[in-house]
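First the structure, in the form of structure tokens, and then the observations on it.
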Amino acid sequence: MSLFGEVPQATPVAVFKVTNDFKEDPNPKKVNLGVGAYRTDEGQPWVLPVVKKVEKIIVADDSLNHEYLPILGLPEFRSSASKIALGEDSPAIQENRVGAVQCLGGTGALKIGAEFLRRWYNGNNNTRTPVYVSAPTWENHNAVFVNAGFEDVRPYKYWDAEKRGLDLSGFLGDLERRKLFVFFDSAYQGFASGCLDKDAWAVRYFITQGFEMFCAQSFSKNFGLYNERVGNLTIVARDPDNLKRVLSQMEKIVRVTWSNPPSQGARLVAVTLNNPELFSEWKDNVKTMADRVLSMRASLRAKLEALETPGTWDHITQQIGMFSFTGLNPNQVEYLIKEKSIYLMASGRINMCGLTTKNIDYVAESIHESVVNVQ
Amino acid sequence: VKFLKNRRSLPVYDWNASSPLCCSSWWAGVQMGPPDPILGVTEAFKRDTNPKKMNLGVGAYRDDQGKPFVLDCVRKAEALISSKQLDKEYLAIGGLGDFTKSCAQLALGADSEVLKSGRNITVQTISGTGSLRIGANFLSRFHSASRDVYLPTPSWGNHTPIFRDAGMQLKAYRYYDPSTCGFDFKGTLDDISKMPERSVILLHACAHNPTGVDPKPEQWKEIADLVKKRDLLVFFDMAYQGFASGDIDRDAWAVRHFIEQGHNIVLSQSFAKNMGLYGERVGGLTLVCKDAEEAKRVESQLKILIRPIYSNPPMNGARIAATILNTTELYNIWLEEVHCMANRIIKMREQLAANLKSEGSTHNWEHVTDQIGMFCFTGLKPDQVERLTKEFSVYMTKDGRISMAGVTSGNVGYLAHGIHAVTK
């Protein structure tokens, strides 16, 4: 009689299943528009040139070792990462009320932030405190907060399926007149518009309005450091004393989760951000990625319009970042996967990075077919 | 309104203006957390200006110059990896396959029936802590038979908060005998015999932390028998394989014996110490299941647990460890280096005991050489520890635990002098 006899088989995480199915597909024309990782125009992963440079610097540095980082992480990483989000001249930083916790990717930053909020936000037990996430949102947001103990994760209106754009009035309506704590998820700074400051505008604006907040930063995409798990939970508090107490409690949470974070990725980012030349080179690398995405957006829209695919396609260029919500329905998605070996999420979400100058015609034609033939 | 230098004109917020946002902080009710007892020792050490200061707090290996030691096999592995120009794509949730396979093999032995039948599931974790945490989460969710986890007294300080935070209840069994500074075998057996069936018992596989007191093989055999009779779920914490005796098979003996006796164990492994990969966070969690089918179900649930914590594990350290374990030349270098590290510790133990004798101490210091692994439970009381820190700048944890790794041929005399001074 096994102790684990009752353990049921769990359903696989959807986004990884898509990539799995793609890998097993023998069709030479197959295209993976599923998981969110950048690809070059050759459809290959891209290790940023600046990262390769910094790796060499680190390997050559004999003074470095593999000792434990402090619980909250590498200090020079934490401070430079927060500066990226809030801006060099941020008054909040100058007022010593900004702190940070180095975490395992954006997920880790959300996790630590969520665990803290459940323990300390409004009294000592926030299991019933509602958490509002956009409808839709990254599918792991729900799991992160539920696993941190929150029982009430609710949607706020965000996506307008008909307009294929922002439902602003719905958004404001759901959040109106409530005293809310702001938790920003910043996974694509620089990647969206190509400009770091522009992509951080919302976060910085909220600070000028006096908000205390958390901001979960990921360096997976904008540094291409996916598997090194480089993230930063930036904390903006009202004053240094509140910040100090918050950080002390963050330490306790980190200690029972992973003790201290991995050093390699954080070191790479810290060296880059703290060296003016490397920082400049990094910004160029980021712009390269963002520009390619923008050109694929323009191209896909143009091709669909040229094909006179039913419907409007300007949302392709109005939307921003790695992903596009195409507006394709589940049947059309299934058609693309089964008949065309084009892999995307059931929601109709595509990763623009999966498009290349070589496959974009095939994808555009296939989308056209699916819209025309499948209801 | 003051404008920032940045081009986007954002007004600076005026805290004194009347606005619902400026009145108080969300965090007014957050208490100051106490400093971590173990890691806090290093913080205090850093602040000390005494040139003779010694850090015997956290268990990180130091060479005989008191410097951190990067293993040669690690450097070689890094060079190899660097030459391959690999990408940085996300790992699977369960981690790097090359790593998890060789990690399990290291613990269980290459000829393990468990590995052959595929009835283990091994996932890559964030070092030992991460492994214990995921294991604890798994038990909390799926081990409905019991909430109780029995820890030896004493145990690593972080075990308790990890299991508690995961929702388990902490209980204790006798382990260390302060009167002998040795193993309380009778007490251990007594307490195990009273544990409710299907409780979880945590065992340190080798080099018990903090005492350095390990059961002998014959004692392990009796423990295994009794644990079987009580139908307990065994959770092994193996953070020092290779580091205890210098021999990786010898240090894994207890784990392998239990498996041979039919225990389907949960096992946490860390490569922080034995490969010196501390900050890279390299670890593994293994569950030995009834069969391969069950292992698949358990694996699917482990992924569900891992995803909302950190999505997938970090590559760098696992890649280094896998390269070492899977490259014969590097593997052999590693075995030698682990042996060297363990030997230096053993030598320091001998020198400490000898120095204490020549200082004129009349106490029995046999436990210093009887104990094994990185740590020595000196038997010092909290007030003696405090004196040792205040008067001699020797930093250690309040329970009297010292990290032998921080002892060198250059400072062992000073340490003996200090210990003698506070105990005579």
Side-chain angles (χ1 to χ4, degrees), chain A residues 2-4 7-10 12-13 37 45 47 55 59 65-69 71 87 89 91 104-105 107-108 111 120-121 140 143-144 147 179 181 197 201 204-205 208-212 224-229 237-239 242 245-246 248-249 251-252 255-259 262-265, chain B residues 4-6 8 10-13 15 19-22 25-28 30-33 36 39 60 68 70 78 82 87-91 126-127 129-130 133 142-143 158 161-162 165 233 264 276-281 289-290 294 297-298 300-301 303-304 307-311 314-317:
Chain A
S2 167
L3 286 159
F4 306 130
V7 174
Q9 175 76 30
V13 178
V47 178
E55 278 183 324
V59 159
N65 52 44
H66 295 287
E67 293 298 294
Y68 288 126
L69 287 181
I71 300 174
D89 304 327
L104 271 82
T107 306
K111 166 69 171 178
W120 295 107
Y121 172 61
N140 204 20
V144 169
N147 270 269
K179 198 171 181 212
F181 177 76
D197 293 324
W201 193 89
R204 297 176 190 184
Y205 177 72
T208 65
Q209 298 304 292
F211 282 87
E212 288 179 303
L225 286 173
Y226 307 93
N227 68 19
E228 298 296 2
R229 316 311 294 123
R238 197 197 178 303
D239 55 52
N242 274 295
R245 283 179 283 107
V246 168
S248 75
Q249 294 296 346
E251 277 196 357
K252 288 184 70 180
R255 187 66 166 136
V256 296
T257 312
W258 53 62
S259 269
S263 53
Q264 180 71 0
Chain B
L4 301 175
K5 269 192 271 177
N6 280 345
R8 284 260 165 196
L10 296 171
V12 172
Y13 186 75
W15 285 111
S19 150
L21 295 173
C22 79
S25 170
W26 287 117
W27 316 129
V30 175
Q31 294 153 22
M32 187 69 193
D36 182 276
L39 301 176
V70 177
E78 286 176 309
S82 176
D87 65 41
K88 300 203 176 291
E89 294 300 289
Y90 287 122
L91 284 177
I126 315 300
S127 206
T129 300
R133 184 52 197 258
F142 293 106
H143 187 53
N158 208 18
I162 287 172
D165 207 56
L233 199 171
N264 284 351
L277 291 174
Y278 309 91
E280 302 296 341
R281 319 309 291 127
C289 302
K290 190 182 79 181
E294 181 174 277
R297 281 185 282 116
V298 169
S300 71
Q301 295 295 348
K303 289 180 181 175
I304 301 282
R307 172 85 165 142
I309 301 177
Y310 53 86
S311 277
M315 165 67 94
N316 196 52

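Note that these values count all heavy atoms, side chains included, but never hydrogens, waters or copies made by symmetry. Chain naming here is simple, since letters A, B, ... match the order of the sequence lines and numbering starts at 1 in each.
- Residues B:Phe142 and A:Pro8 have side chains in contact (heavy-atom distance under 4.5 Å, counting atoms from C-beta outward).
- Between A:Arg238 and B:Trp27 there is no side-chain heavy-atom pair separated by less than 4.5 Å.
- Nearest approach of A:His66 to B:Gly276, heavy atoms of both residues: CB-O, 3.4 Å.
- B:Asp165 touches chain A through its side chain: at least one heavy atom from C-beta onward sits under 4.5 Å away, while N, CA, C and O do not.
- Between the CE atom of B:Met315 and the OH atom of A:Tyr226 there is a distance of 14.0 Å, given to the nearest 0.5 Å.
- Heavy-atom pairs under 4.5 Å with chain A peak, among B:Ser300, B:Ala28, B:Gly317, at B:Ser300.
- Heavy-atom pairs under 4.5 Å with chain A peak, among B:Glu78, B:Arg307, B:Met32, B:Lys303, at B:Arg307.
- Residue contact with chain A, scored on non-hydrogen atoms closer than 4.5 Å, involves the backbone and the side chain of B:Glu280 alike.
- Residue B:Ser311 touches chain A through both its backbone and its side chain, counting heavy-atom pairs closer than 4.5 Å.
- Listed by chain and number, the residues in a ring pair (Phe, Tyr, Trp, His ring centres under 6.0 Å) with A:Tyr68 are B:Tyr278 (sequence neighbours excluded).
- The greatest number of non-hydrogen atom pairs below 4.5 Å with chain B, out of A:Arg245, A:Glu251, A:Glu228, is found for A:Arg245.
- Between the side chain of B:Arg133 and the main chain of A:Val256, a donor-acceptor pair closer than 3.5 Å is present.
- Interface remark: of the candidates A:Ser259, A:Gly108, A:Gly105, A:Gly224, A:Ser259 forms the most heavy-atom pairs closer than 4.5 Å to chain B.
- When all heavy atoms of A:Val7 and B:Gln301 are compared, the closest pair comes out as CG1-CG, 3.5 Å.
- Side-chain atoms of A:Gln249 never come within 3.5 Å of backbone atoms of B:Val30 as a donor-acceptor pair (strictly under, hydrogens ignored).
- Between chain A and the options B:Asn316, B:Asp87, B:Ile162, the largest number of non-hydrogen pairs under 4.5 Å is found for B:Asn316.
- In this structure, the portion of B:Val70 lying under 4.5 Å from any heavy atom of chain A is its side chain and not its backbone.
- Of the listed residues (A:Leu69, A:Leu225, A:Val144, A:Val59), the one with the most heavy-atom contacts under 4.5 Å to chain B is A:Val144.
- For chain A, the nearby part of B:Asn158 is the side chain; its heavy atoms alone come within less than 4.5 Å.
- Interface residue B:Arg281: only side-chain heavy atoms are found under 4.5 Å from chain A.
- When each of A:Asn65, A:Val47, A:Asn147, A:Asn140 is scored by its heavy-atom pairs under 4.5 Å with chain B, the top score falls to A:Asn140.
- Closest of all the heavy-atom pairs between A:Asn227 and B:Tyr90 is CB-CA, 4.0 Å.
- Chain B forms more heavy-atom pairs under 4.5 Å with one residue of A:Lys111, A:Glu55, A:Arg229 than with any other, namely A:Arg229.
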